[in-house]
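Since the model is a prediction, treat every value here as computed from it, not as a measurement.
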Amino acid sequence: DYMTKPFSPELVKARVSNQLELKKHQDHLQELVALRTKELALTQEVTIYSLANLAEPRDPETGGHILRTQRYVKALARQLQNTPEFKKILSDEVIDLLYNSAPLHDIGKVGVADSILLKPGKLSYEECAEMKKHTIYGRNALKVAEEKLGDNSFMQHARQIAYTHHEKWDGSGYPNGLKGEDIPVSGRLMAIADVYDALISKRVYKPPFSHAKA
């Protein structure tokens, strides 16, 4: 603020008092905004994990899969961020979005029948085909949410991950048989994290692989 001469001591005191009061209110408002932002972020995180755990196969051998793969995706992205090819693609903001959306990679499994999802033995050709549809179910569900939210980069990454994390570099994956760089970076990162975690985890048909072997 400013005042014109000649100064009146009482007016100066009043103006200073007003400015201090205004500053106090502004600081309080910033605290409220920061608190609300933190609450919204926590709500989003809890919602994501709640949805993701609906899709997590009810098998004690896969416990912690969501958290582990989420951290692998972030670690891989951080490493790639140091390379010229990915430096511009994988900004800090994008890496945070990938980390937050990775738990939803198998959300489409809620659309797969328990008789298939929890089958202890080998799946038949028909059952395998139905299992593969979880990528499409996940994409469709997240696409609806993305359309409701408008231009939302978080949902865009989540949709890409759910839809493309079973594509393979040589084109032998599903659901679209995408090849090489046609696969979104988010899907490629999730695919590596997902397969790596499966390899180092114990299964009824195999012991856990070592890190080096995986």
Side-chain angles (χ1 to χ4, degrees), residues 41-42 44-57 59 61-109 131-132 134-139 141-143 145-146 152-203 206-214:
L42 181 60
Q44 183 190 53
E45 185 179 342
V46 170
T47 302
I48 290 167
Y49 278 104
S50 297
L51 288 170
N53 277 290
L54 284 174
E56 183 88 331
D59 181 349
E61 290 184 351
T62 62
H65 172 74
I66 289 174
L67 287 174
R68 289 195 302 270
T69 53
Q70 183 185 35
R71 291 165 184 165
Y72 298 153
V73 165
K74 188 172 187 176
L76 288 168
R78 285 279 179 224
Q79 186 67 26
L80 286 176
Q81 192 181 33
N82 299 321
T83 66
E85 185 180 356
F86 290 96
K87 191 173 184 180
K88 290 183 179 179
I89 300 172
L90 295 172
S91 64
D92 289 342
E93 182 184 3
V94 168
I95 292 174
D96 284 342
L97 288 170
L98 292 175
Y99 177 79
N100 289 329
S101 55
L104 295 174
H105 67 280
D106 273 341
I107 188 66
K109 284 186 177 178
M131 175 67 93
K132 288 180 178 181
H134 80 273
T135 56
I136 299 170
Y137 298 151
R139 186 276 310 266
L142 293 169
K143 188 177 181 181
E146 185 182 4
N152 187 285
S153 52
F154 166 75
M155 277 300 172
Q156 181 183 358
H157 284 292
R159 174 177 53 78
Q160 284 184 344
I161 285 175
Y163 194 42
T164 65
H165 72 284
H166 281 292
E167 299 287 0
K168 294 183 180 179
W169 191 254
D170 64 0
S172 64
Y174 62 88
N176 292 314
L178 298 180
K179 204 171 186 178
E181 293 185 0
D182 288 339
I183 307 168
V185 173
S186 56
R188 287 184 249 165
L189 287 168
M190 192 70 237
I192 293 171
D194 201 27
V195 173
Y196 173 77
D197 191 63
L199 292 175
I200 66 165
S201 299
K202 181 184 177 182
R203 293 290 185 268
K206 74 167 186 67
F209 286 15
S210 67
H211 168 73
K213 185 175 180 180

Can you tell me how far [atom2] of [Y] sits from [atom1] of [X], rounded to the nearest 0.5 angstrom?
X: Leu98; Y: Gln160; atom1: CG; atom2: CD; value: 9.0 Å
X: Arg159; Y: Leu104; atom1: CZ; atom2: CG; value: 13.0 Å
X: Tyr196; Y: Ser201; atom1: OH; atom2: OG; value: 9.5 Å
X: His65; Y: Gln70; atom1: NE2; atom2: CD; value: 11.0 Å
X: Thr69; Y: Ile192; atom1: OG1; atom2: CD1; value: 13.0 Å
X: Arg188; Y: Ile161; atom1: CZ; atom2: CD1; value: 12.5 Å

On a heavy-atom basis, which atom in [X] and which in [Y] lie closest, and how many Å separate them?
X: Leu80; Y: Phe86; result: O-CB, 3.4 Å
X: Ala158; Y: Leu142; result: O-CD1, 3.4 Å
X: His157; Y: Ser101; result: CB-OG, 3.8 Å
X: Ala214; Y: Ile200; result: CB-CG2, 3.8 Å

Is the backbone N or O of [Y] less than 3.5 Å from a side-chain atom of [X], with the two atoms forming a donor-acceptor pair by type?
X: Lys213; Y: Leu199; answer: no
X: Glu167; Y: Gly177; answer: yes
X: Asn176; Y: Leu178; answer: no
X: Thr135; Y: Lys132; answer: yes

Does one side chain, of Asp194 or Tyr72, offer a donor that lies under 3.5 Å from an acceptor on the other? no
Could you go through the side-chain contact (heavy atoms from CB on, under 4.5 Å) check for Tyr137 and Ile107 one step at a time? CA-CA 8 Å; Tyr137 298 151; Ile107 188 66; over 6 Å; no
Audit row: Leu90, Thr83, side-chain contact (heavy atoms from CB on, under 4.5 Å) steps and yes/no: CA-CA 10 Å; Leu90 295 172; Thr83 66; over 6 Å; no
Determine the sole option in Arg78, Lys74, Lys87 for which the salt bridge (charged side-chain N to carboxylate O under 4.0 Å, His left out) test with Asp92 is passed.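 Of Arg78, Lys74, Lys87, salt bridge (charged side-chain N to carboxylate O under 4.0 Å, His left out) with Asp92 is met by Arg78 alone.
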If you define the side chain from C-beta out and look only at heavy atoms, does anything of Ile183 sit under 4.5 Å from Lys179? no
Between Lys109 and Asp106, does at least one N-O distance fall below 4.0 Å, as a salt bridge requires? yes
Which word best sums up how the rings of His166 and Tyr174 line up, parallel for under 30°, tilted for 30 to 60°, or perpendicular for over 60°?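 His166 and Tyr174: parallel rings.
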Distance flag, aromatic centroids of His134 and His165, threshold under 6.0 Å: yes
Please report the C-alpha distance between Val185 and Val94 in whole Å, then the side-chain angles of each, then the deciding distance to 0.1 Å, and finally whether the side-chain contact (heavy atoms from CB on, under 4.5 Å) criterion is met. CA-CA 11 Å; Val185 173; Val94 168; over 6 Å; no
